[in-house]
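Worksheet: one structure, shown below.
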Amino acid sequence: MPNSDMPGVMTTRLTPAATALVVAIVSAATVGGALVMQHGFGYVPCMLCLWGRWPHYLGAPLALAAWLLATRGAPAPARIALALAALLFLAGAGLSAYHAGVEWGFWPGPASCAGANAAPTAAGGLLDQMRATRIVPCDAAAFRILGISLAGWNALICLALSAIAALGARRPGAAQGGA
């Protein structure tokens with residue numbers, strides 16, 4: 001519903017249902033974009049890139065569940081789900097900021113980011129397996145957009161999703177539904 005607290009400016013008050021839907025859609029689009037880059041354009045993710053997707057894998061369905069709860073008249077569980085999503089995305093922002101710091105050389109990454117996790121797992125066809133293995137270090141950004149790596153963008157997106165989910169968890173009106 002429109003809010004005219006300031007003359008000439010129209011804003012919208014977001015309900016928990018609306019914030020949950022926004023979080024679910026943005027999170028799914030974010031991880032969907034990463035998957036398209038990987039499988040459609042051949043960008044191979046490093047281990048920290050894969051870890052950075054987990055908040056989205058868990059958070060998008062959680063936010064969708066919050067939306068369903070809010071639109072079905074269960075405001076308390078919807079707000080709890082949004083609060084959990086806020087914490088999950090906050091942790092994701094921290095993980096992605098750590099990854100961006102590794103890329104910028106602010107601190108070292110985990111030892112497994114040096115390619116240790118790409119070691120062959122069986123002796124049969126060892127040479128073929130070694131030729132096919134592409135080692136992706138965590139300290140090299142695949143590319144940057146406006147000077148920010150994909151890990152940096154994920155940190156910003158997760159931080160925004162955390163703030164939106166927290167805002168939705170605090171808002172009354174989950175029983176009103178709406179999107």
Side-chain angles (χ1 to χ4, degrees), residues 12 14 18-67 81-122 125-169 179:
T12 302
L14 293 176
T19 57
L21 191 58
V22 166
V23 169
I25 289 170
V26 171
S27 181
T30 299
V31 77
L35 291 169
V36 166
M37 288 182 61
Q38 178 181 351
H39 299 290
F41 298 110
Y43 285 96
V44 180
C46 71
M47 183 192 69
L48 284 177
C49 291
L50 295 173
W51 287 0
R53 295 177 186 180
W54 277 102
H56 299 287
Y57 291 146
L58 300 173
L62 184 60
L64 191 58
W67 175 76
L82 279 170
L84 291 173
L87 292 173
L88 184 64
F89 286 116
L90 188 59
L95 175 63
S96 292
Y98 167 74
H99 186 187
V102 169
E103 291 173 337
W104 283 104
F106 294 153
W107 41 75
S112 58
C113 276
N117 59 340
T121 56
L126 180 62
L127 204 48
D128 290 336
Q129 209 174 356
M130 289 173 65
R131 282 189 196 120
T133 301
R134 181 170 172 201
I135 298 172
V136 181
C138 294
D139 61 356
F143 64 89
R144 297 179 190 277
I145 301 170
L146 300 175
I148 302 173
S149 70
L150 297 179
W153 282 110
N154 193 39
L156 294 172
I157 291 168
C158 281
L159 193 59
L161 290 175
S162 178
I164 293 167
L167 180 66

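FYI, the numbering just counts along the sequence from 1.
Relative orientation of the Y57 and W54 rings is perpendicular, given thresholds of 30° and 60° on the angle between their planes.
Listed here is the closest heavy atom pair of Y98 and P110: OH-CD, 3.4 Å. Closest approach of L50 and P45 over heavy atoms only: CD2-CG, 3.6 Å. Here the closest non-hydrogen pair linking A169 and A83 is CB-N, 3.8 Å.
In this structure, W153 and T30 have side chains that are not in contact, with every pair of non-hydrogen atoms separated by 4.5 Å or more. L48 has its side chain out of reach of E103: every pair of non-hydrogen atoms, C-beta onward, lies at least 4.5 Å apart.
Just one of V23, L21, V22 meets the side chain to side chain contact (heavy atoms under 4.5 Å, CB included) condition when paired with I25; it is L21.
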Pair C49-Q38, side-chain contact (heavy atoms from CB on, under 4.5 Å): steps then yes or no = CA-CA 11 Å; C49 291; Q38 178 181 351; over 6 Å; no

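The line from CH2 of W104 to CD1 of I148 is 9.0 Å long, rounded to the nearest 0.5 Å. Rounding to the nearest 0.5 angstrom, the gap separating the CG atom in L88 from the CG atom in L62 is 7.0 Å.
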Between side-chain atoms of residues 154-164 and protein atoms elsewhere (two or more places apart, or another chain), which donor-acceptor pairs fall under 3.5 Å?
unit_1: N154; atom_1: OD1; unit_2: H56; atom_2: NE2; d: 2.7
unit_1: N154; atom_1: ND2; unit_2: G52; atom_2: O; d: 3.2
unit_1: N154; atom_1: ND2; unit_2: S96; atom_2: OG; d: 2.7
unit_1: S162; atom_1: OG; unit_2: A86; atom_2: O; d: 2.8

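Residue F143 places its CZ atom among more than 12 non-hydrogen atoms of other residues, nucleotides or ligands, all under 6.0 Å distant.
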